[in-house]
Amino acid sequence: MKADPLMEIPESREEAIALQQLLRQRCIWERVIDTNDIALVAGADAAYSESLVYAAAVLVSFPSMEPVAHRVAIEPLAFPYEPGMLAFREGPALLSALIRLPMRPQVIFFNGHGRAHPRRFGLAAHMGVLLHTPSVGIAERTLIGRAEPPADADGATSPLIDGGEVVGMAVRTRSGSRPVIVSQGYMIDLAQAVELTIASAHGERIPLPLRQADRLAGAARREHGFA
DNA sequence: GCGACAG
DNA sequence: ATCTTGTCGC
């Protein structure tokens with residue numbers, strides 16, 4: 001016998017969609033953690049080489065954003081890129097890096113969408129459910145839905161709407177910069193997801209733990225990929 | 001049928 | 001995501 005894997009890799013698109021719909025039933029969009037109880041937040045992101053995925057997880061204090069720890073996981077790519085299926089491509093490695101962190105964060109930021117997904121279950125929501133940890137999705141571009149551009153001021157927002165439903169928020173974390181798309185991952189409401197994103201950005205466009213994870217993953221790729 | 005399409 | 005030079009702007 002072998003231990004139950006935290007994540008299974010589907011062998012077909014149909015199987016992947018079925019798994020998303022199954023896990024989505026365990027997803028809740030309500031706020032579960034009080035912001036005052038948050039002391040640690042994390043960010044996780046991935047980089048790729050031809051056949052490997054390099055995942056990085058960074059842990060920082062909140063709201064001071066001081067570095068606490070970081071981990072990197074390198075695994076073979078076992079799923080193609082398909083819009084809406086990102087969790088199956090990056091998920092396994094991201095989970096490996098995250099579970100190796102020395103302490104559990106109260107919230108995790110992911111580079112991708114959460115609820116702002118065609119089946120309302122993007123990478124951030126998927127990871128949150130599997131880790132049973134509140135999560136937030138931060139994306140550069142929209143996958144579904146449409147939002148008016150937020151005013152050009154720090155913290156300005158504009159709802160991302162899809163099918164008459166508010167699935168996320170375009171947030172101008174820093175005036176003069178393009179807005180980021182924030183959406184609920186798991187155990188969090190949209191207002192808190194936006195609030196934590198802004199509080200973790202510290203004047204930059206992207207939440208600090210996510211920026212660090214991005215750099216770390218890229219560095220890992222260069223060192224192992226070739227060099 | 002024709003686009004759109006996280007990373 | 002990744003492949004890549006110069007270049008406009010603060």
Side-chain angles (χ1 to χ4, degrees), chain A residues 7 9-10 13 16-17 20 23-24 27 43-58 72-98 108-129 135-147 152 154 160-163 167-171 173-186 190 193 197 203-207 209-227:
Chain A
M7 184 165 188
I9 303 301
R13 178 189 173 73
I17 291 179
Q20 289 184 325
L23 292 172
R24 184 183 58 183
C27 190
D45 193 16
Y48 315 117
S49 63
E50 298 207 14
S51 59
L52 301 174
V53 51
Y54 303 77
V58 173
V72 170
I74 303 176
E75 300 190 358
L77 272 174
F79 202 84
Y81 170 67
E82 214 174 310
M85 304 298 191
L86 189 58
F88 299 114
R89 184 172 174 75
E90 302 187 346
L94 292 176
L95 292 172
S96 294
L98 286 165
I108 306 173
F109 289 100
F110 288 94
N111 196 174
H113 294 293
R115 186 174 180 171
H117 175 277
R119 287 171 296 285
R120 306 291 182 265
F121 201 67
L123 172 74
H126 199 136
M127 298 297 100
V129 167
S135 59
V136 176
I138 303 292
E140 217 68 66
R141 308 161 166 290
T142 144
L143 176 56
I144 48 84
R146 188 180 179 81
D152 188 13
D154 292 341
L160 174 64
I161 299 172
D162 181 54
V167 297
M169 194 76 88
V171 182
T173 49
R174 187 179 62 177
S175 61
S177 294
R178 287 173 46 224
V180 292
I181 307 301
V182 178
S183 66
Q184 301 161 72
Y186 177 57
L190 185 55
T197 295
E204 295 297 302
R205 195 170 87 94
I206 305 295
L210 215 42
R211 300 200 311 267
Q212 295 303 315
D214 180 32
R215 296 179 183 178
L216 228 181
R221 179 181 65 73
R222 270 176 317 213
E223 294 170 27
H224 286 254
F226 61 97

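Numbers restart at 1 for each chain; the letters A, B, ... are given by sequence-line order, proteins then strands. Atoms considered below: every heavy atom in the structure, side chains included; atoms not considered: hydrogens, waters and symmetry mates.
When the C1' atom of B:dC5 is taken as reference, atom CZ of A:Arg146 falls 15 Å away, rounded to whole Å. One atom, CG of A:Asp162, and another, P of B:dC5, lie 13 Å apart when rounded to the nearest Å. The interatomic distance linking A:Ile144 (CD1) with B:dA6 (P) rounds to 11 Å, in whole Å. Here the P atom of nucleotide B:dC5 and the CG atom of A:Leu86 are 16 Å apart, to the nearest Å. The separation between A:Leu210 atom CG and C:dA1 atom C1' is 14 Å, rounded to whole Å. We find that NE2 of A:His113 is positioned 10 Å from C1' of B:dG7, with the value rounded to whole Å. In this structure, A:Leu77 atom CG and B:dG7 atom C1' are separated by 11 Å, rounded to whole Å. The distance between atom CG of A:Asn111 and atom C1' of B:dG7, rounded to the nearest whole Å, is 7 Å.
The side-chain contact (heavy atoms from CB on, under 4.5 Å) test with A:Phe109 singles out one residue from A:Ile206, A:Val58, A:Val182, A:Leu210, and that residue is A:Leu210.
To the nearest 0.5 Å, the span separating OG on A:Ser175 from CG on A:Asp154 amounts to 4.0 Å. The line from CE of A:Met127 to OH of A:Tyr186 is 13.0 Å long, rounded to the nearest 0.5 Å.
For the pair A:Phe110 and A:His126, the minimum side-chain heavy-atom distance is 4.5 Å or more. Here the side chains of A:Ile144 and A:Arg120 are in contact, with some heavy-atom distance below 4.5 Å.
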(message) Before you tell me yes or no, could you show the steps for A:Leu123 and A:Glu90 under side chain to side chain contact (heavy atoms under 4.5 Å, CB included), namely the whole-Å CA-CA distance, both residues' side-chain angles and the distance that decides it to 0.1 Å?
(response) CA-CA 8 Å; A:Leu123 172 74; A:Glu90 302 187 346; 3.9 Å; yes
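OP1 or OP2 of C:dT2 has at least one side-chain nitrogen or oxygen of A:Arg221 nearer than 4.0 Å.
Against DNA chain B, the stretch residues 45-52 of chain A makes heavy-atom approaches under 4.0 Å through A:Asp45, A:Tyr48.
At the heavy-atom level, A:Leu123 lies under 4.0 Å from base atoms of the strands shown. Residue contacts shown for A:Gly84 include a base, since a base heavy atom lies under 4.0 Å away.
Ion pair A:Arg115/A:Asp162 not flagged as a salt bridge, since none of the NZ, NE, NH1 or NH2 atoms sits closer than 4.0 Å to an Asp/Glu carboxylate oxygen.
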